[in-house]
Student: 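Just passing along the structure, written as structure tokens.
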Amino acid sequence: MLDIRYIRENLEEVEARLKTRGSGVDLSGFRELDGRRRGLLQETETLKALRNRVSDEISRVKDKSQVQGQIAEMREVSQNIKALDEELRLLEEQLAAFLLTVPNVPSVQTPVGATEADNREVKRWGDIPSYGFTPKPHWEIGEALDILDFERGAKLTGARFTLYKGAGARLERALINFMLDLHTGRHNYIEMLPPFMVNRESMTGTGQLPKFEDDLFHMEGVDYFLIPTAEVPVTNIHRGEILRGKDLPLAYTAYTPCFRREAGSYGKDTRGLIRQHQFNKVELVKFVHPAHSDGELESLLDNAEEVLRLLDLPYRVVELCTGDIGFSARRTFDIEVWLPGQNTYREISSCSNFGDFQARRAGIRFREEEKSKPEFVHTLNGSGLAVGRTLVAILENCQQADGSVLIPDVLRPYMGDMAKIGQAG
RNA sequence: GGAGAGAUGGCCGAGUAGGUCGAAGGCGCUCGCCUGCUAAGCGAGUAUACUGGGAAACCGGUAUCGAGGGUUCGAAUCCCUCUCUCUCCGCCA
């Protein structure tokens with residue numbers, strides 16, 4: 001959510017910068033709504049001040065028969081207040097509902113562009129391997145090795161669900177542990193294991209609601225949602241809190257499954273593990289001092305990249321343009337891993353700086369000093385990494401001519417020293 | 001799922017025949033004093049949001065005692081609904 005006063009004072013600029021997102025946000029109604037709200041507020045508060053004063057006078061008179069006039073008068077004032085308050089409540093509801101649908105203002109550093117074609121590649125790492133054979137896509141590898149069972153996944157649940165089996169299941173678990181150990185042990189994140197369902201407030205705090213309810217799985221009987229990313233529960237850990245400046249930055253990592261409806265992606269990535277309704281992810285989340293959020297984004301990005309470097313998987317980093325960044329983000333870098341089976345780079349992590357956008361929605365503040373007044377923190381998060389897609393990258397990059405898959409060195413301790421996944425016997 | 005108890009400021013904890021309660025007291029914290037050091041002691045201060053004025057320091061108004069609604073001139077205190085926590089029973093990994 002944007003600062004209402006900031007919008008009020010910089011209406012043209014805000015509108016112009018939001019326009020670079022490509023989504024038509026119309027702020028024309030804002031000024032009028034905001035003006036009416038403040039006028040009404042003045043009016044009702046003046047009446048309340050009067051009522052408070054007179055009620056106080058009434059309380060000091062023992063013989064109430066002497067103040068029947070005032071009491072009658074105040075009865076009328078109270079009725080007016082009630083009517084004005086109701087009007088005000090409706091206005092504020094409208095204003096809040098509107099503000100919750102306005103996306104974040106992109107950073108001035110975010111490249112301006114309309115689509116992902118305008119994203120800016122900022123680096124490449126690793127050599128793209130060449131093979132003496134035609135590299136297969138992971139779904140073929142996984143089925144041939146009998147470690148991924150797409151048909152039974154579909155039988156158990158439906159499309160976009162997969163059953164992992166044997167070494168496949170173990171590899172997924174190994175990746176989760178490897179990533180968590182790396183981020184907690186070397187990068188100093190604190191591990192969290194949050195609920196996988198959250199309430200409406202949490203979803204609103206990080207920006208999934210109210211606009212993107214169609215992307216979420218909702219429970220029947222209770223107003224809870226399956227989390228689409230650990231960003232939601234982990235960022236909301238400090239919702240409504242005032243943190244101490246000296247505790248910042250706070251860095252958390254969490255493994256969770258993620259659940260997404262993938263509405264509107266029919267026919268996209270229908271084969272394999274790339275786009276699932278349920279997938280595993282290790283997430284990185286930071287709460288930082290506003291002055292440091294750009295630098296913290298760089299280090300968070302580097303922490304995520306480190307996973308791929310240790311696994312020796314080639315990747316590139318892309319900075320998303322204004323037309324491609326998410327609703328809540330002001331700046332985003334995607335990490336894309338090379339997939340030889342599909343001869344392309346695919347997103348495996350998305351690292352964003354949200355500025356104070358989520359902090360304002362979720363009420364996450366800090367005090368610089370014990371006595372200074374609370375300010376909103378900046379929140380950041382990024383995948384570190386998407387586990388299923390990392391498994392995909394390993395299958396495709398580490399495949400051998402004989403159909404087996406070599407396990408990256410760093411994962412072997414997590415795999416009972418297994419060096420490769422071979423043909424099922 | 002059944003029965004009961006509770007939710008007050010950073011924390012603990014008063015306050016229930018409605019007004020003098022934004023809220024006693026204690027702890028913590030900040031600043032100052034005192035003290036050979038430490039501890040103790042003394043004094044002052046110590047919520048947030050919105051809003052009006054002001055260049056600012058700051059001053060004024062309103063709201064907030066789990067959330068929402070009601071009664072009343074006036075609600076932390078009375079009534080209703082909801083949420084959460086705790087205890088006991090049942091069920092259960």
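Letters A, B, ... are given to chains in the order of the sequence lines, protein chains preceding strands, and every chain is numbered from 1. Side chains included, hydrogens not; waters and symmetry mates left out as well; all remaining heavy atoms used.
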Student: On RNA chain B, compare the nucleotides closest to A:Arg51 and A:Lys64; which residue's is nearer the 5' end?
Tutor: A:Lys64
Student: Measure the distance from CG on A:Asp223 to P on B:G68 and round it to the nearest whole Å.
Tutor: 18 Å
Student: At less than 4.0 Å, is any side-chain N or O atom of A:Arg365 found next to OP1 or OP2 of B:A49? Yes or no.
Tutor: yes
Student: Does a side-chain N or O of A:Ser78 approach OP1 or OP2 of B:U72 to a distance below 4.0 Å, or not?
Tutor: no
Student: Any donor-acceptor pair under 3.5 Å linking the side-chain atoms of A:His289 with those of A:Glu368?
Tutor: yes
Student: For atom P, what is the distance between B:C78 and B:G18, given to the nearest Å?
Tutor: 9 Å
Student: For nucleotides B:G74 and B:U81, find the distance between their C1' atoms and express it as a whole number of Å.
Tutor: 24 Å
Student: If only side-chain N and O atoms of A:Arg38 are considered, is one of them under 4.0 Å from the OP1 or OP2 phosphate oxygen of B:C50?
Tutor: no
Student: Measure from the side chain of A:Leu41, starting at C-beta and using heavy atoms only, and say which of B:C73, B:C84, B:C50 lies closest.
Tutor: B:C50
Student: State which residue, out of A:Leu406, A:Val405, A:Leu411, fulfils the side chain to side chain contact (heavy atoms under 4.5 Å, CB included) condition with A:Pro408.
Tutor: A:Leu411
Student: Of A:Asp56 and A:Asn52, whose nearest nucleotide on RNA chain B comes first from the 5' end?
Tutor: A:Asp56
Student: Side chain of A:Pro374: nearest nucleotide among B:U62, B:A49, B:C84?
Tutor: B:A49
Student: Measure from the side-chain heavy atoms of A:Arg8 and tell me the nearest of B:G61, B:C84, B:U51.
Tutor: B:U51
Student: So, A:Lys286 versus A:Ser299: side-chain donor-acceptor pair below 3.5 Å or not?
Tutor: yes
Student: So, is A:Lys82 close to the B:U72 phosphate, meaning a side-chain N or O under 4.0 Å from OP1 or OP2?
Tutor: no
Student: Will you find, in the side chains of A:Glu57 and A:Gln70, an N or O donor that is under 3.5 Å from an N or O acceptor?
Tutor: no
Student: Please determine if a side-chain N or O atom of A:Arg60 lies less than 4.0 Å away from the OP1 or OP2 oxygen of B:G74.
Tutor: no
Student: Just the rounded figure in Å: distance from P of B:U51 to CG of A:Asp34.
Tutor: 8 Å
Student: Give a yes/no answer on whether the side chain of A:Arg37 brings an N or O atom under 4.0 Å of OP1 or OP2 in B:U51.
Tutor: yes
Student: If the cut-off is 4.0 Å, is A:Arg5 near the phosphate of B:C50, judged by side-chain N/O to OP1 or OP2?
Tutor: yes
Student: Using a cut-off of strictly less than 4.0 Å, decide whether A:Arg367 has a side-chain nitrogen or oxygen near OP1 or OP2 of B:U48.
Tutor: yes
Student: Using a distance-only test with no angle check, is there a side-chain donor-acceptor pair under 3.5 angstrom linking A:Tyr315 and A:Arg309?
Tutor: yes
